[in-house]
Amino acid sequence: MNKDELGESAKNIEGSSGDTSLPLVLKKLLLSRDETLQVASAHCITAVLVHSPAKHAPAFIHADIPEFLFEHLSSSSEMLVWSSYNCLTLLAEEPLFFSKCHTVYGIEAVVRSLQGSLEMNNTELHKQGLLLFTEILTRQPEEIKLFTNSAMCRDAGRALQEAVSSPVLEVAAEAVKATSAFLRKDHQSAPPVQYGELQSLLEAMLNRCAEFSQTLLNRRPLGHASSRNSEKAILQRGKFLLSTLEGFRSACRLAIEFQSEPSAQENPFTAPSAKKEDTLEAFSEFLLSACDSLCIPMVMRHLEQTTHPALMEVFLSILHSLFVIVPHMKEKFSKKLAASSFIRLTLELKARFCSGLSHSALNQVCSNFLYYMCLNLLSAPEKTGPPSEEELSAVSELLQHGLPQISSRSPESLAFLSDRQYMEGAARQRQYCILLLFYLAYIHEDRFVSEAELFEAVQSFLLSLQDQGERPPLVVFKASIYLLAICQDKDNTLHEQLHSSLISIS
């Protein structure tokens, strides 16, 4: 049956929508032993659904068409399996498809079909099967459990692991999207949670992304003709990296959600004497390690060529979530990030993309990341004693209010810090935040402004406080003294006027 005939059939069917026998006729064709009729029936259903999905999908679902399409996924005919995938993907757009629990009974057939199809040399079949799997994983209602036992969940994860490792980029990309949808709490909550399997899946996904990124980096453009191809390759790599990060973020969200589930902490069937590898704690530490060794290097290499706000939003939200996922490592992780210029990086992102009301979501993610990293760094200082709870509470409040308001480049921030005009409360809080950010960056050897300019800015800031008779939070004052001292070592000057102002402020 060609496309013209299918389109004409769809129009005729729509014209006689009151005729309820159509689903039954097509159902009989699906049940026939003739493969040609089965494929033609699936094509006809597809044509009808494409033409008017909302109008006809419920009738096909009520006729239990999905049940027989799921059965055909075990066929040895690639054409019949592909046609069934296509049909089921369209039916999955209808909520009734899920409320009648077709996916619960059909998910095993989907997983087994995927496992079988990945052994075939048919890229289109792989892509269509993964597209169906992604739709089911994404649209399945949380209250209706899709995987009723851990064995089926394990098999699904292994099928995805094989798919993300595919040498065909389009297949791997679709598998990464499916992985992101698969890492949902309600999909993984059938006890025991198999953290080892999830770790293997994530490792395969990250390694595939790293391999793809490296392959493109090794291809050097030659001449003007290759310049356009190079730009296309960078765009393609960024898209794949973004999907990979979204999958990794789903894993981080899963780890956070399981923290409040006592039954999800570890595999209850593990022998007490066995090494505790299949636990939430081990999985959480894997996430931190994988981010450090794979995610961060991949993103930093990509940043050398281009910056995409959506990608950075996902990336920074991952870093933020890791403070919660591995709380006993948050200070150490924050110090490593600060020493790797992440304060500067985040401020540059805010300055470039978040001025005014643009990219408000990115601004919020940047501010949240800086807020928690700054608190972690201030809680475990390198050069001074730790602040009291009262001091930390005061700093927490000013960072929370001040950080979202900062979207200026370093020269502008220095000029604002140097401003001797009368400062209102909100503006003064911004100055406090800017000074603390410079302080924390300098402590961790990220000196992205010159000592002379910073010295003058801090001096003007302190004199402004004196002019207005204000006393800054003690943490801010200590940070000011530290910056003056470190800048003096480089500049070797300290004015008498500054010395007297420090005495009066203290």
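Between M312 and V299, the closest side-chain pair of non-hydrogen atoms falls below 4.5 Å. A heavy-atom distance below 4.5 Å is not found between the side chains of E231 and I234. When side chains are defined from C-beta on, L377 counts as touching K335, because their heavy atoms get closer than 4.5 Å. Side-chain contact between L349 and C354 is absent, with no heavy-atom pair separated by less than 4.5 Å. By the 4.5 Å heavy-atom criterion applied to side chains, Q459 and F455 are counted as neighbours. At a threshold of 4.5 Å between non-hydrogen side-chain atoms, the residues K239 and L311 do not count as touching. Residues V104 and K145 form no side-chain contact, since every pair of their non-hydrogen atoms from C-beta on lies 4.5 Å or further apart. Counting heavy atoms from C-beta outward, E313 and Q364 have side chains that stay 4.5 Å or more apart.
Listed here is the closest heavy atom pair of R409 and R352: NH2-CA, 3.9 Å. Nearest heavy-atom pair, V365 versus S317, reported as atom, atom and distance to 0.1 Å: CG1-N, 3.6 Å. Taking both residues in full, the closest heavy atoms of A172 and F240 are given as C-CE1, 4.0 Å, listed atom of the first, atom of the second, then distance. Among all heavy-atom pairs drawn from H302 and G238, the shortest one is CE1-CA, 3.4 Å. Nearest heavy-atom pair, E257 versus S260, reported as atom, atom and distance to 0.1 Å: O-OG, 3.1 Å. Scanning all heavy atoms of the two residues, the minimum distance from R184 to A181 falls at CB-O, 3.6 Å.
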List the steps and the verdict of side-chain contact (heavy atoms from CB on, under 4.5 Å) for K177 and F133.
CA-CA 10 Å; K177 293 177 186 175; F133 196 26; over 6 Å; no
Worked verdict on V193 versus F283 for side-chain contact (heavy atoms from CB on, under 4.5 Å):
CA-CA 11 Å; V193 180; F283 181 66; over 6 Å; no
Applying side-chain contact (heavy atoms from CB on, under 4.5 Å), run through L417 and S460 and close with a yes or a no.
CA-CA 7 Å; L417 194 61; S460 295; over 6 Å; no
Between F248 and F315, does a side-chain contact (heavy atoms from CB on, under 4.5 Å) hold up when you go through it step by step?
CA-CA 9 Å; F248 194 82; F315 176 57; over 6 Å; no
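The CE atom of M152 lies 9.0 Å from the CZ atom of R154; values are rounded to the nearest 0.5 Å. For the atom pair CD1 of I486 and CD1 of I443, the computed distance is 9.0 Å after rounding to the nearest 0.5 Å. The CG atom of L235 sits 12.0 Å away from atom CD of Q305, with the distance rounded to the nearest 0.5 Å. Rounding to the nearest 0.5 angstrom, the gap separating the CD1 atom in I318 from the CG atom in L288 is 12.5 Å. Of the inter-residue distances, the one linking R344 atom CZ with R447 atom CZ reads 12.0 Å to the nearest 0.5 angstrom. In this structure, the separation between CD1 on I343 and CZ on F438 is 10.5 Å, given to the nearest 0.5 Å.
In terms of modelled atom types and a separation under 3.5 Å, the side chain of T138 and the main chain of E135 share no donor-acceptor contact. Between the side chain of S166 and the main chain of V168, a donor-acceptor pair closer than 3.5 Å is present. Without hydrogens or angle criteria, S165 side chain to Q161 main chain gives a donor-acceptor distance under 3.5 Å. In this structure, N363 contributes its side chain and P404 its backbone to a donor-acceptor pair below 3.5 Å. A donor-acceptor pair is defined here as one N or O able to donate and one able to accept, closer than 3.5 Å; no such pair exists between the side chain of R430 and the backbone of I406. Using a distance-only test at 3.5 Å, with no hydrogens or angles considered, a donor-acceptor pair links the side chain of H187 to the main chain of L137. Listed for the S358 side chain is a donor-acceptor partner under 3.5 Å among the backbone atoms of S355. Q431 places a side-chain N or O within 3.5 Å of a backbone atom of F416 that can act as its donor or acceptor partner. With hydrogens and angles disregarded, a donor-acceptor distance shorter than 3.5 Å links the side chain of S293 to the backbone of S289. Although no hydrogens or angles enter the test, the distance criterion places a donor-acceptor pair under 3.5 Å between the side chain of Q194 and the main chain of S150.
With no hydrogens or angles considered, a side-chain donor-acceptor pair links R428 and S464 at under 3.5 Å. Checking S367 against K350 by side-chain atom types alone, a donor-acceptor pair falls below 3.5 Å. Looking at S480 and Y439, their side chains never bring a donor and an acceptor atom within 3.5 Å of each other. Side-chain contact annotation: Q140 with T103, donor-acceptor N/O pair under 3.5 Å present. Residues N207 and E211 bring no donor and acceptor atom of their side chains to less than 3.5 Å of each other.
When I256, I325, L322 are each tested for a side-chain contact (heavy atoms from CB on, under 4.5 Å) with S284, only one passes: I325.
The aromatic rings of F147 and F182 stand perpendicular to each other, their planes meeting at an angle above 60°, with 30° marking the opposite boundary.
Annotation for K336: atom NZ does not count as buried by contact number, only 12 or fewer foreign heavy atoms lying within 6.0 Å. Atom CD of E281 has 12 or fewer neighbouring heavy atoms from other residues, nucleotides or ligands inside a 6.0 Å radius.
When ring centroids are compared, Y372 and F323 stay outside the 6.0 Å threshold.
Salt bridge present: K127 and E170 bring a charged side-chain N and a carboxylate O closer than 4.0 Å.
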